[in-house]
Amino acid sequence: MAQTCELLVVRDVRVVDPRTARDEIADVVVEAGRIAAVGPGAGKEPAKSERARVIDGRGNWVLPAFVDLHAHLREPGEEYKEDIATGLAAAARGGFAHVCAMPNTKPVNDRRAVTEAIVARAREVGGPALHPIGAITMGQKGAELTEMADLRDAGAVAVSDDGVCVMSAAVMRRALEYARTFDLPVIQHAEDHSLTDGAQMHEGAVSTRLGLRGWPRVAEDIIVARDVLLAEATGGRYHVAHVSSQGAVRILREAKSRGLPVTAEVTPHHLLLTDEAVVGYDTACKVNPPLREASDVEALRAALADGTIDAIATDHAPHSSLEKDCEFAEARPGMLGLELVVPVLLDLVRGGSMTLARFADALSSAPSRVIGLDPPSFATGARAELVLIDPEKRFVVEGLRSKSKNTPFWGKEYVGAVVLTMAGGAIVFDEGRVS
Ligand code: DOR
């Protein structure tokens, strides 16, 4: 899918680079896949060359390309929902140069052979880089630790049992200790299953009204609190997946203020939707952890803005109509994310909930730090990994590159879209807006 471009010049574009606090109108020059120059007027000379492709960037923005810590690409095993090729195509369209793939595939990515197969398939496909996340426990059963050295050697950048929680404190302790020896972050799906048995949505007034069994916030908070204590005791790197509750935010803020090795991510849907979205029993709104209340959304936005929550991660979780066109209680949890981040979240930036620089940081440098990746950069000589955004472009959620359609945003219209993505020095998504 990648397209090489010998010389690309984006002129008069707003360049936002949170790493260097750059926010200015400038030209971006990419030569042979590498950043050749960034600065006001930098694109004048190369533009004279006939080889150059020149894009008029007026009114548009260039940000470092995005890094997703949390996507379910469903290969191997559930390719009818998504596969590595369609998942990476969706990522490219969303502005991502790097995608971490969760291990709850079939079979689970709990051994070297599975990790290697995923890496090999992603290389064949090309486009954004895929970084596998290995399981914490064999079969994600919560008992026996995986051979993390093998997983890391095969390319895993973190371990997680995402989809289920590591319920045993003893196993979690050993996981943090063991992963620490390989400098791998341990990503927890924080859910005390003894409190969420049969739960369909957030526990509150809306679940009572709808007659659906609730998933109380405290099920998340208990695990985050316990794990923070374990991270402190072991010195292991702990990362909380898809934070959804105000209590978890409070615990994380306190942990960070004490300098503990703790990081966290939040999804676009938890930043935008509440449990009211479930009224009408739309299965597209069934997700784990569930959509919570306005006070949680407010706490999550504040935590993202002030850095208590480090990163935005999509939790891209494709499901087919088989798993979604059914009764609410039967539906599988999860929603799409990779293609929608810019359209659905730009209103938060416009509304002043966070700055554009923080938005860029939460999608690029911050997640890179969690997995020890060299972040996409505008430094001269760096491999070009950037996203060009037209903040005025109309975007209707339809005709996605993903194989699935499970998003509550389906059919909705937004303002703001990715028009070009570069990953690993190549153009991997291009709306074809050449001037
Ligand atoms: O809603 C969710 N869907 N949450 C998870 O943790 C797993 C995911 C999936 O794999 O579908």
Side-chain angles (χ1 to χ4, degrees), residues 18 63 66-71 94-96 162 189-190 201-202 204 206 215 217 220-221 224 239-253 263-278 282 284-317 333-367 370 389 391 395 397 406-410 412 414-418:
L63 273 49
F66 303 153
V67 177
D68 192 7
L69 289 173
H70 194 143
F96 291 90
D162 183 63
H189 171 116
M201 64 175 296
H202 170 68
V206 179
W215 193 136
R217 294 183 183 96
E220 179 168 323
D221 305 348
V224 175
H239 179 81
V240 190
H242 42 48
V243 175
S244 71
S245 84
Q246 51 196 290
V249 165
R250 199 174 60 236
I251 296 160
L252 287 166
R253 188 168 281 128
T263 53
E265 69 191 33
V266 64
T267 70
H269 45 274
H270 289 109
L271 288 168
L272 293 170
L273 301 172
T274 68
D275 56 352
E276 292 286 347
V278 180
D282 179 2
C285 296
K286 183 169 174 177
V287 66
N288 185 356
L291 303 173
R292 299 206 184 269
E293 297 179 32
S295 53
D296 298 283
V297 169
E298 204 181 307
L300 293 171
R301 290 181 183 182
L304 180 62
D306 73 15
T308 299
I309 293 178
D310 303 75
I312 297 169
T314 67
D315 196 1
H316 179 79
M335 45 179 87
L336 303 182
L338 282 170
E339 289 168 81
L340 306 175
V341 166
V342 166
V344 303
L345 285 181
L346 273 199
D347 271 348
L348 290 188
V349 176
R350 291 190 190 103
S353 201
M354 70 184 134
T355 62
L356 184 56
R358 177 68 191 116
F359 175 76
D361 179 58
L363 279 161
S364 186
S365 300
V370 173
I389 293 171
F395 184 97
V397 183
N406 54 303
T407 164
F409 305 119
W410 189 267
K412 296 211 161 72
Y414 294 91
V415 178
V418 170

Who passes ring pair (Phe, Tyr, Trp, His ring centres under 6.0 Å) against His202, sequence neighbours left out?
-> none
How many angstroms lie between atom [atom1] of [X] and atom [atom2] of [Y], to the nearest 0.5 angstrom?
| X | Y | atom1 | atom2 | result |
| --- | --- | --- | --- | --- |
| Asp68 | Asp315 | CG | CG | 8.5 Å |
| Leu272 | Leu345 | CG | CG | 5.5 Å |
| His239 | Leu69 | NE2 | CG | 5.0 Å |
| Arg301 | Ile309 | CZ | CD1 | 12.0 Å |
| Thr314 | Leu363 | OG1 | CG | 9.5 Å |

Closer than 3.5 angstrom, by distance alone: can the side chain of [X] be matched with the main-chain N or O of [Y] as a donor-acceptor pair?
| X | Y | answer |
| --- | --- | --- |
| Asp296 | Gln246 | yes |
| Glu265 | Ile312 | no |
| Asp282 | Ala277 | no |

Where Met335 and Pro408 come nearest, the two heavy atoms and their spacing = SD-CD, 3.6 Å
Residues, nucleotides or ligands: over 12 heavy atoms within 6.0 Å of Arg253 CZ |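 Atom CZ in Arg253 is crowded, with more than 12 foreign heavy atoms closer than 6.0 Å.
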Name of the residue among His269, Arg217, Glu220 meeting side chain to side chain donor-acceptor pair (under 3.5 Å) with Ser244 =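 Among His269, Arg217, Glu220, the one that satisfies the side chain to side chain donor-acceptor pair (under 3.5 Å) with Ser244 is Glu220.
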Would you say [X] and [Y] make side-chain contact, with heavy atoms under 4.5 Å?
| X | Y | answer |
| --- | --- | --- |
| Val278 | Lys286 | no |
| His242 | His189 | yes |
| Leu273 | Phe409 | yes |
| Leu346 | Tyr414 | no |
| Cys285 | Met201 | no |
| Phe395 | Val342 | no |

Do His70 and Asp162 meet the criterion of a side-chain donor-acceptor pair at a distance under 3.5 Å?
-> yes
